[in-house]
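Throughout, protein chains are lettered first and strands after them, A, B, ... in sequence-line order, and every chain is numbered starting at 1.
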Amino acid sequence: MKIATFNINGMNARLPGLLQWLADKSPDVACLQELKTPHDKFPLSTIEEAGYSAVWHGQKSWNGVAILAKAGLKLEEIGRGLPGDPADEQSRYIEARVDDTIICCLYLPNGNPAPGPKFDYKMAWMDRLHEKAQGLVQLKESVVMLGDYNVIPGDLDAKRPERWVDDALFFPETKEKYQKLLELGWTDAIRKLYPDEKIFTYWDYFRNAFARDSGIRIDHLLLNPAAAERLETGGVDRDVRAGEKPSDHAPTWITLK
DNA sequence: ATGACTTACCCGGTAAGA
């Protein structure tokens, strides 16, 4: 089973590239972030024509998450939104069962400029995710909690770590909360597969960052113990970032036995 | 230290991303 996460940065703006990627790489499950489209503007019929079913949580202009599953797989939404703050209206979390695997698709807040209210929101959101993850990690079923975490976990995850020290993605508090999450028993799948390599999933639109490979790794796939046992391979579809009108993120994927 | 790109929104200027 091939499971991918892809911050597409505008569902409708990137639709041709998304369809090309689905056709080329044929993921069984594709988690998308930053749909930037209201619920009823989600291009469901196009996605279905491409051979996928979908559940999604849209929002006007910003955020938005979706889970796509290849036709033939049983896709059932479990819920949307993270518990812990009824006033939070941002669409950043959706959870579904795909056959026997639980898929949690998330778009963690960016948090810049930091410090400030946006960083406070990020910290609170990470606390809420921690609560949620504590329950999920213990399940006997396989759970994959994946998405755009907006966290650079360590120096190995940036071409030039020193450039990010004043950024919410790389603040000590951010890295610490991510580590605490892993300590619950989650495996960072890509880091597990490539313990010593600089692997990037995002490259700035500015300054020709992709051509210089000046990237960061912020899209993560976390596995509970049941899923970690099934981990086989993984990687980043860098060719998508090199294509026409690309998102600034590249699809990041794993395969489970 | 700043700015460089790109999107959505509603229609050129702002807000947001990371």
Original post:
Is the gap between the ring centers of Trp203(A) and Phe210(A) under 6.0 Å?
Top reply: yes
Subject >> Proximity of His57(A) and Tyr93(A) rings by center, below 6.0 Å >> reply: no
Pairwise [atom1] distance, [M] and [N] [rounded to whole Å]:
N       : M       : atom1 : result
dA4(B)  : dT14(B) : P     : 15 Å
dC5(B)  : dC10(B) : P     : 27 Å
dA8(B)  : dA18(B) : P     : 14 Å
dG12(B) : dT6(B)  : C1'   : 16 Å
dG3(B)  : dA16(B) : C1'   : 16 Å

Quick one: [X] [atom1] to [N] [atom2], roughly how many Å, whole number?
X         : N       : atom1 : atom2 : result
Asp166(A) : dA1(B)  : CG    : C1'   : 11 Å
Lys41(A)  : dC10(B) : NZ    : C1'   : 11 Å
Arg207(A) : dA1(B)  : CZ    : P     : 14 Å
Phe210(A) : dT6(B)  : CZ    : C1'   : 17 Å
Arg212(A) : dC5(B)  : CZ    : P     : 12 Å
Gln33(A)  : dT7(B)  : CD    : C1'   : 16 Å

**OP:** If a protein heavy atom is under 4.0 Å from the base, mark B; if only from the sugar-phosphate, S; if neither, -; do that for nucleotides 13-18 of chain B going 5' to 3'.
**Re:** ---SBB
Original post:
Counting just side-chain N and O atoms, does Arg14(A) come under 4.0 Å of either OP1 or OP2 of dT7(B)?
Top reply: yes
Original post:
When Ile, Leu, Val, Met, Phe, Trp and Tyr are grouped by side-chain heavy atoms lying under 4.5 Å apart, directly or through other members, which residues fall in the same group as Tyr52(A)?
Top reply: Phe6(A), Ile8(A), Met11(A), Leu15(A), Leu18(A), Leu19(A), Trp21(A), Leu22(A), Leu32(A), Leu35(A), Phe42(A), Leu44(A), Ile47(A), Trp56(A), Leu68(A), Val240(A)
Original post:
Hydrophobic clusters join Ile, Leu, Val, Met, Phe, Trp and Tyr when side-chain heavy atoms are under 4.5 Å apart, directly or via other members; which others share one with Tyr205(A)?
Top reply: Phe206(A)
Original post:
Hey, which of these two, Arg163(A) or Thr37(A), hits DNA chain B nearer its 5' end, going by closest nucleotide?
Top reply: Arg163(A)
Mind checking what makes salt bridge (Lys or Arg N to Asp or Glu O under 4.0 Å) contact with [X], not counting sequence neighbours?
X         : value
Glu162(A) : Arg160(A)
Glu197(A) : none
Arg80(A)  : Glu77(A)

